[in-house]
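One structure is given here, and the rest of the page talks about it.
Since this is a predicted model, take the numbers as computed values, not measurements. Sequence lines set the chain letters: A, B, ... in the order given, protein chains first and strands last, and positions in each chain run from 1.
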Amino acid sequence: MTKTINITLKVWRQFGPDVKGRLETYQAKNISTDMSFLEMLDVINEQLTLEGKDPIAFDHDCREGICGMCGSVVNGRAHGPEKGTTLCQLHMRHFSDGDTVVIEPWRSRAFKIIKDLVVDRSAFDQIIQAGGYVSVNAGGAPDGNAVPISQENAEKAMDAAACIGCGACVASCPNASAMLFVSAKVSQLALLPQGKPEAAERALAMVRKMDDLGFGNCTNETECEADCPKEISIVNIARLNREYLKAGFLSSVI
Amino acid sequence: MQLDAKIPGGPLTEKWDRHRFELKLVNPANKRKFNIIVVGTGLAGGSAAATLAELGYDVKNFCIQDSPRRAHSIAAQGGINAAKNYPNDGDSIWRLFYDTVKGGDFRAREANVCRLAQLSTNIIDHCVAQGVPFARDYGGLLANRSFGGAQVSRTFYARGQTGQQLLLGAYSSLSRQIAAGKVTMFPRREMLELVVINGQARGIVVRNLVTGEMERHEAHAVVLCTGGYGNVFFLSTNAMASNVTASYRAYKKGAFFANPCFTQIHPTCIPVHGDYQSKLTLMSESLRNDGRVWVPKTPGDKRPPHQIPEAERDYYLENKYPSFGNLVPRDVASRNAKEQCDMGKGVGETALAVYLDFEDAIKRDGRDVIEKKYGNLFQMYEKITADDPYQTPMMIYPAVHYTMGGLWVDYNLMSTIPGLFVLGEANFSDHGANRLGASALMQGLADGYFVVPYTIGGYISGTTPEDVTTDHPAFKEASQQAEIRTRKLLSVKGKRTVDDFHKELGHIMWEYCGMARNNEGLDKAKTMIRSLREEFWENVLVPGGGKAFNQSLERAGRVADFLEFGELMLTDALARQESCGGHFNEAYQTEENEARRDDENFCHVAAWEWAGDDKAPVFHKEPLVFEHVKLTQRSYK
Ligand SMILES: Cc1cc2nc3c(=O)[nH]c(=O)nc-3n(C[C@H](O)[C@H](O)[C@H](O)COP(=O)(O)OP(=O)(O)OC[C@H]3O[C@@H](n4cnc5c(N)ncnc54)[C@H](O)[C@@H]3O)c2cc1C
Ligand code: FES
């Protein structure tokens with residue numbers, strides 16, 4: 001049932017990449033529990049604007065949990081307390097009257113803060129550019145049914161492909177590793193016949209890129225899986241490790 | 001000006017082949033000397049940028065989001081059509097063509113739609129080759145489902161995330177070209193002006209959304225793939241940044257705007273629940289495959305759904321349209337939901353909702369099967385509403401979803417400005433007055449992978465553009481204009497926020513230019529919009545500065561354009577004195593309350609030319625000629 005709550009927000013405010021930031025406190029009053037978390041921030045921003053203050057910058061677009069644009073650390077958890085939920089899909093009914101809610105940006109060496117809660121995640125794009133594709137040009141592909149793919153593999157590939165590239169895995173990892181992100185793409189393509197020819201090279205190139213960009217190592221903390229809004233499984237990391245070893249082995253014998 | 005759609009001669013199904021042969025080619029070694037700007041990285045822009053680069057052109061690609069992977073196309077759920085006829089249920093290219101023309105209520109160009117149907121099969125092949133994990137049957141072959149407006153099963157899907165998977169496919173091809181140095185990517189940029197030199201599109205001015213700087217980019221051709229303008233209604237299923245700005249600025253530089261009043265209201269969305277609401281969420285049309293739509297027979301019946309016995313439920317779509325049932329096209333389904341609610345039979349707190357019930361499907365197929373097909377949609381519904389659709393029927397209501405109108409383009413997808421091409425939802429081309437489900441993804445990808453790569457070559461080889469640099473006076477002027485406008489928005493320092501204006505505009509458009517329209521209301525809305533626009537420029541409050549990351553300023557610019565564009569929609573709606581597809585003028589309906597077309601007077605595309613600020617736009621007509629499809633009153637009974 002709809003009701004309203006009052007909460008205290010502590011929000012990270014930082015004007016630009018190279019200036020110091022700090023937590024500012026705001027009172028969010030009469031918040032309907034049917035609101036989404038971002039709608040609650042909209043309400044605060046309308047108030048700040050009318051008071052002549054600078055509204056809180058945060059990234060968002062689809063507000064349906066699919067574009068991967070939103071994301072902040074809420075009370076220490078990437079995307080907040082609800083399992084398998086992006087920040088835009090988190091609703092205020094999961095908070096209680098009188099709560100204090102701390103909102104901070106993703107923190108990682110590879111993701112620079114642009115403003116407030118907005119970070120630069122272009123490192124993820126660079127990892128995909130290193131090999132997260134099948135090298136085919138438009139035109140000339142064989143019939144879609146030419147190569148059957150077992151339903152099981154197609155489903156597993158889809159499980160991995162569901163990654164939205166939001167960066168929560170990096171934000172929640174004590175080492176700020178991007179292994180879950182990398183492994184999801186490597187797995188998706190390794191599971192499908194179309195991705196096989198380049199599988200070895202792909203795994204090597206993407207992991208190398210990840211390291212170059214300053215992401216940390218994976219030490220099996222599994223925080224990434226716990227906070228991933230799409231519940232991408234760490235089974236993918238094991239698969240990536242296998243692909244990587246295979247690839248390393250192949251490249252050393254050739 | 002006489003509009004020439006440049007439709008090639010010859011038999012309908014041979015036109016595209018013949019045209020491809022007749023188009024002049026650009027020498028492969030020369031392609032890299034040509035720069036092409038692609039604005040947008042959705043299905044249309046992503047696929048076009050990647051493919052043009054594969055061919056050897058030098059491409060610059062722009063988007064608003066922080067990464068090309070986040071374009072609004074990512075949100076498409078249900079699927080993509082293709083006339084593969086894998087299920088052997090009677091589909092064919094001809095049937096897809098026919099269904100699309102009919103679904104669009106006979107207001108689309110036959111030749112374009114035929115090409116679209118022909119290319120549909122290539123799209124699936126290419127996407128499979130890219131590693132798109134489409135759903136598969138037990139035997140490992142591609143699975144299909146049905147969508148509205150069709151009696152065959154021709155929709156390919158990847159769970160409820162088809163748009164995401166297709167977009168990530170295009171993004172992967174794009175990433176490969178970025179790595180190869182053939183595409184330079186410019187994320188977090190917003191196009192604010194088109195630059196036209198000697199009558200040709202030669203570049204754009206964008207605002208760098210991080211630094212606030214105006215940047216100039218020149219090219220030999222500009223391809224706009226900037227999506228639809230549904231957010232003119234404030235509440236819609238579109239992503240928050242979806243806008244009309246790029247198209248509208250091109251319109252003001254001479255590109256005609258076609259059929260702006262053709263908007264699609266999608267029947268199955270989660271109903272509005274509060275005035276703080278920022279957007280509406282679609283529940284994919286694919287749900288109508290298994291869900292049954294109903295309302296209580298008695299107006300005002302407030303019992304919870306499971307207490308209403310079978311005999312007291314009205315499955316109005318099944319009763320009224322026995323042969324298509326729950327799968328009637330969107331415009332028909334939406335209007336019927338409104339009609340039921342207008343009669344007082346709406347359900348839920350606001351009584352602006354109808355039920356979409358899966359009880360029978362779960363009984364028939366088991367929860368597992370339903371979960372596999374729609375699991376993520378059910379989950380999304382539950383997150384938003386806190387209701388479990390496995391236990392209780394969903395509540396749904398129509399919401400603004402898609403815009404069939406867009407910049408006018410010819411068969412080559414070129415606008416009335418030479419060198420300006422328009423693809424995807426941003427153009428008007430293939431869906432007439434109503435788009436069928438799963439056809440937008442098909443069109444965006446057909447345009448980007450398979451049409452523009454050819455037709456742009458035809459343009460480039462047929463012209464000898466002079467060398468220009470971004471120091472050209474036209475660039476200076478355009479960038480100054482953008483600068484001045486930005487400063488103006490910041491300097492008003494009024495008392496109302498941008499969102500506040502946007503919401504009011506949305507209310508006006510929804511009330512008077514939404515699911516049902518009438519002349520009086522449209523006239524009234526015009527006056528209301530004008531005064532709202534005036535107030536905006538006197539009283540809007542945009543905090544912060546121009547040379548910084550400033551999301552309020554971004555929104556202000558978009559709303560300013562919506563405030564002008566909304567009026568163009570009303571003008572177009574008033575000029576079209578008939579009902580067709582999504583444009584329903586109450587004065588023109590059949591006895592059964594279906595849209596009544598007037599083929600004698602309105603079988604045309606309305607293309608509007610900008611005539612100057614505060615001047616009425618000039619009307620141009622492209623007559624539609626139907627040689628292969630017989631114009632009939634659409635019937636889904
Ligand atoms: C919720 C939802 C579900 C849908 N489901 C389906 C479905 O199942 N099947 C189907 O066929 N269709 C579906 N559609 C429709 C379909 O998704 C869209 O019509 C289609 O994806 C539009 O693609 P596009 O490439 O034209 O534009 P978009 O994907 O909207 O991309 C626009 C691009 O342009 C950029 N851009 C916009 N303005 C500017 C500017 N001023 N400057 C710079 N860049 C700019 C954006 O950043 C973005 O990259 C759905 C739509 C919605 C809203
Ligand atoms: S805004 Fe798109 S995932 Fe949250």
Salt bridge present between [X] and [Y] (N-O < 4.0 angstrom):
| X | Y | answer |
| --- | --- | --- |
| A:Asp143 | B:Lys84 | yes |
| A:Asp125 | B:Arg69 | no |
| A:Glu243 | A:Arg239 | no |

Side chain from CB out, backbone as N, CA, C, O: work out which of these in [X] comes under 4.5 Å of a heavy atom of chain B, or both, or neither.
| X | result |
| --- | --- |
| A:Glu82 | neither |
| A:Ser36 | neither |
| A:Ser32 | side chain |
| A:Leu192 | side chain |
| A:Ile114 | side chain |
| A:Asp42 | side chain |
| A:Leu191 | neither |
| A:Val147 | backbone |
| A:Ile127 | neither |
| A:Ala160 | neither |

Let me know if [X] has heavy atoms under 4.5 Å from chain A in its side chain, its backbone, both or neither.
| X | value |
| --- | --- |
| B:Gln551 | side chain |
| B:Phe134 | backbone |
| B:Gln165 | side chain |
| B:Asn122 | neither |
| B:Ser73 | neither |
| B:Lys493 | neither |
| B:Leu52 | neither |
| B:Ser67 | both |
| B:Ser278 | both |

Indicate the atoms forming the closest heavy-atom contact of A:Ile113 with A:Trp12, along with that distance.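 Taking A:Ile113 first and A:Trp12 second, the nearest heavy atoms are CD1-NE1, 4.1 Å.
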Which pair of non-hydrogen atoms, one from A:Gln47 and one from A:Gln27, has the smallest distance, and what is that distance?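 It is OE1-O, 4.2 Å.
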Contact leader toward chain A among [options], where contacts are heavy-atom pairs under 4.5 Å:
| options | result |
| --- | --- |
| B:Met185, B:Gln177, B:Met380 | B:Met380 |
| B:Arg176, B:His273, B:Glu54 | B:Arg176 |
| B:Leu55, B:Asp137, B:Leu282, B:Val542 | B:Asp137 |
| B:Met240, B:Arg70, B:Arg136 | B:Arg70 |
| B:Ala135, B:Gly131, B:Ala82 | B:Gly131 |

Walk me through whether A:Phe58 and A:Leu38 qualify under side-chain contact (heavy atoms from CB on, under 4.5 Å). CA-CA 9 Å; A:Phe58 63 93; A:Leu38 299 187; 3.8 Å; yes
With B:Tyr449, which residues qualify under ring-ring contact (aromatic ring centres under 6.0 Å, His included), at least two apart?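 Listed in chain order: B:His126.
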